[in-house]
Amino acid sequence: MFDPTIFENLKVGIENAVYNLDNLDEIIRVSDRKDLLDMATLSRSFSLRFELVQQSAASAEICLETGLRDLAAEILEIPEEQPGCVLKLRFHKNIADPAYSCPVIAQIVKEIWNPELPPVQTIRYTYGDDAVPIHNTIELRFPRKINENQMGDIPNITEFMLRTLVELNRI
């Protein structure tokens, strides 16, 4: 019988939490979903992107990734390995003035999330296009892999993501 991997179990937990906020609570609107298998590297990635129903100036994305080493360690039950997945959270927002907005965003993220987990902000714009907006991707990269032991943290993560979206929409 098929035994789901850590990746599959976490993916289902994330889907349940996010789609409940969309379909049942109607707080968010899911705007993108990706579930990818990279045949070249034998890696998996999954992401859900969403925005608040009442405020759509910013969006959030929850990303789960795993690679061949973790999948093989889990399936082959290699005792010295600790298989798991990488969790990344991204927030997307258009801004007009990075010199002003980026420090404000960094402070918001540090207040809601762990201050020792600094956000990585990536600014993107089209050269030659003088018009704003400038796209800012704010990413939180967790320092360790997660597994099913962190399944209970998913509701807290989504709650913190909602709080972050509310604050980002105020800028």
Side-chain angles (χ1 to χ4, degrees), residues 7 10-11 13-15 17-19 21-23 26-70 84-146 150 153-171:
F7 177 87
L10 287 171
K11 182 182 90 164
I14 291 168
E15 285 176 315
V18 172
Y19 281 117
L21 292 170
D22 183 350
N23 297 323
E26 297 180 347
I27 296 171
I28 65 167
R29 180 181 316 106
V30 173
S31 59
D32 193 22
R33 179 183 187 282
K34 292 183 174 79
D35 191 355
L36 306 172
L37 168 63
D38 186 330
M39 296 297 288
T41 61
L42 296 177
S43 62
R44 296 280 314 267
S45 64
F46 170 76
S47 68
L48 279 172
R49 187 167 173 170
F50 57 90
E51 58 195 31
L52 296 172
V53 170
Q54 300 297 323
Q55 303 169 312
S56 60
S59 65
E61 184 178 12
I62 187 165
C63 307
L64 187 67
E65 300 171 349
T66 193
L68 176 60
R69 171 174 246 125
D70 288 300
C85 298
V86 174
L87 179 67
K88 295 178 185 174
L89 305 178
R90 293 186 188 115
F91 299 92
H92 304 273
K93 177 155 182 71
N94 288 334
I95 58 175
D97 180 8
Y100 168 77
S101 298
C102 290
V104 171
I105 289 169
Q107 186 61 37
I108 288 169
V109 172
K110 286 179 184 178
E111 287 175 7
I112 295 172
W113 299 87
N114 183 345
E116 296 173 12
L117 186 66
V120 176
Q121 297 187 58
T122 305
I123 305 297
R124 189 179 74 221
Y125 64 94
T126 303
Y127 177 75
D129 187 1
D130 293 333
V132 288
I134 297 169
H135 183 80
N136 187 0
T137 301
I138 305 104
E139 184 173 88
L140 295 174
R141 301 172 184 166
F142 294 90
R144 62 180 177 85
K145 293 184 224 174
I146 64 169
Q150 287 77 42
D153 294 339
I154 293 173
N156 291 336
I157 290 170
T158 56
E159 179 62 33
F160 283 19
M161 291 180 82
L162 293 177
R163 286 177 47 201
T164 306
L165 279 177
V166 167
E167 293 302 319
L168 290 177
N169 276 299
R170 290 185 180 159
I171 297 176

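None of these values were measured; they are calculated from a predicted model.
- Here the closest non-hydrogen pair linking Glu26 and Val53 is O-CG2, 3.5 Å.
- Atom CZ of Phe142 has more than 12 heavy atoms from other residues, nucleotides or ligands within 6.0 Å.
- Closest approach of Pro119 to Ile138, counting heavy atoms only: CB-CG2, 3.7 Å.
- Glu167 places no side-chain N or O within donor-acceptor distance of the main-chain N or O of Ile108, the cut-off being under 3.5 Å.
- Within the 4.5 Å cutoff, side-chain heavy atoms of Pro143 are placed close to those of Leu117.
- Side-chain polar atoms of Arg90 and Thr137 form no donor-acceptor pair below 3.5 angstrom.
- Remark: side-chain polar atoms of Asn136 are not paired, donor with acceptor, to backbone N or O of Lys93 under 3.5 angstrom.
- Atom CG of Leu162 sits about 5.5 Å away from atom CG of Leu21, to the nearest 0.5 Å.
- Annotation: side chain to side chain donor-acceptor pair (under 3.5 Å) contacts involving residues 99-108, sequence neighbours excluded, comprise Gln107-Glu111.
- For CZ of Arg69, the number of neighbouring non-hydrogen atoms (other residues, nucleotides, ligands) closer than 6.0 Å is 12 at most.
- Glu139 CD to His92 NE2: the interatomic distance, rounded to the nearest 0.5 Å, is 8.5 Å.
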Practice problem: Before giving the answer on side chain to side chain contact (heavy atoms under 4.5 Å, CB included), spell out for Leu10 and Phe46 the whole-Å C-alpha distance, their side-chain angles and the decisive distance to 0.1 Å. | Solution: CA-CA 10 Å; Leu10 287 171; Phe46 170 76; over 6 Å; no
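- A 4.5 Å side-chain heavy-atom check between Asp153 and Ile146 finds every atom pair outside the cut-off.
- Checked against His135 for a side chain to side chain donor-acceptor pair (under 3.5 Å), the options Asn94, Thr126, Thr122 give a single hit: Asn94.
- Separation of atoms CD1 (Ile95) and CG (Leu168) is listed at 10.5 Å; rounding is to 0.5 Å.
- For the residue pair Glu51 and Ala58, the shortest heavy atom distance occurs at CB-O, 3.7 Å.
- Nearest heavy atoms, Leu89 versus Met161: CD2-SD, 3.9 Å.
- One finds the CG atom of Leu68 at 11.0 Å from the CG atom of Asp38 (value rounded to the nearest 0.5 Å).
- The two atoms that bring Leu37 and Arg44 nearest to each other are CD1-CD, 3.6 Å, heavy atoms only.
- Ring geometry for Phe91 against Trp113 counts as tilted: the plane angle lies between 30° and 60°, on a 0 to 90° scale.
- Remark: Leu36 engages Lys34, Ser45 in a side-chain contact (heavy atoms from CB on, under 4.5 Å) (not counting sequence neighbours).
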Practice problem: Please lay out, stage by stage, how Leu87 and Ile157 fare under the test side chain to side chain contact (heavy atoms under 4.5 Å, CB included). | Solution: CA-CA 11 Å; Leu87 179 67; Ile157 290 170; 3.7 Å; yes
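- If you take NZ on Lys11 and CG on Leu48, they are separated by 9.5 Å, rounding to the nearest 0.5 Å.
- Here Glu15 contributes atom CD and Leu64 contributes atom CG; the two are 10.0 Å apart, rounded to the nearest 0.5 Å.
- Taking every heavy atom of both residues into account, Leu165 and Ser59 meet most closely at CD2-C, 3.5 Å.
- The backbone N or O of Val30 lies less than 3.5 Å from a partner atom in the side chain of Asp22, making a donor-acceptor pair.
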Quiz item: Given the rule in the side chain to side chain contact (heavy atoms under 4.5 Å, CB included) test, do Ile62 and Ile154 qualify, once you have shown the distances and angles that lead to the verdict?
Solution: CA-CA 10 Å; Ile62 187 165; Ile154 293 173; 5.6 Å; no
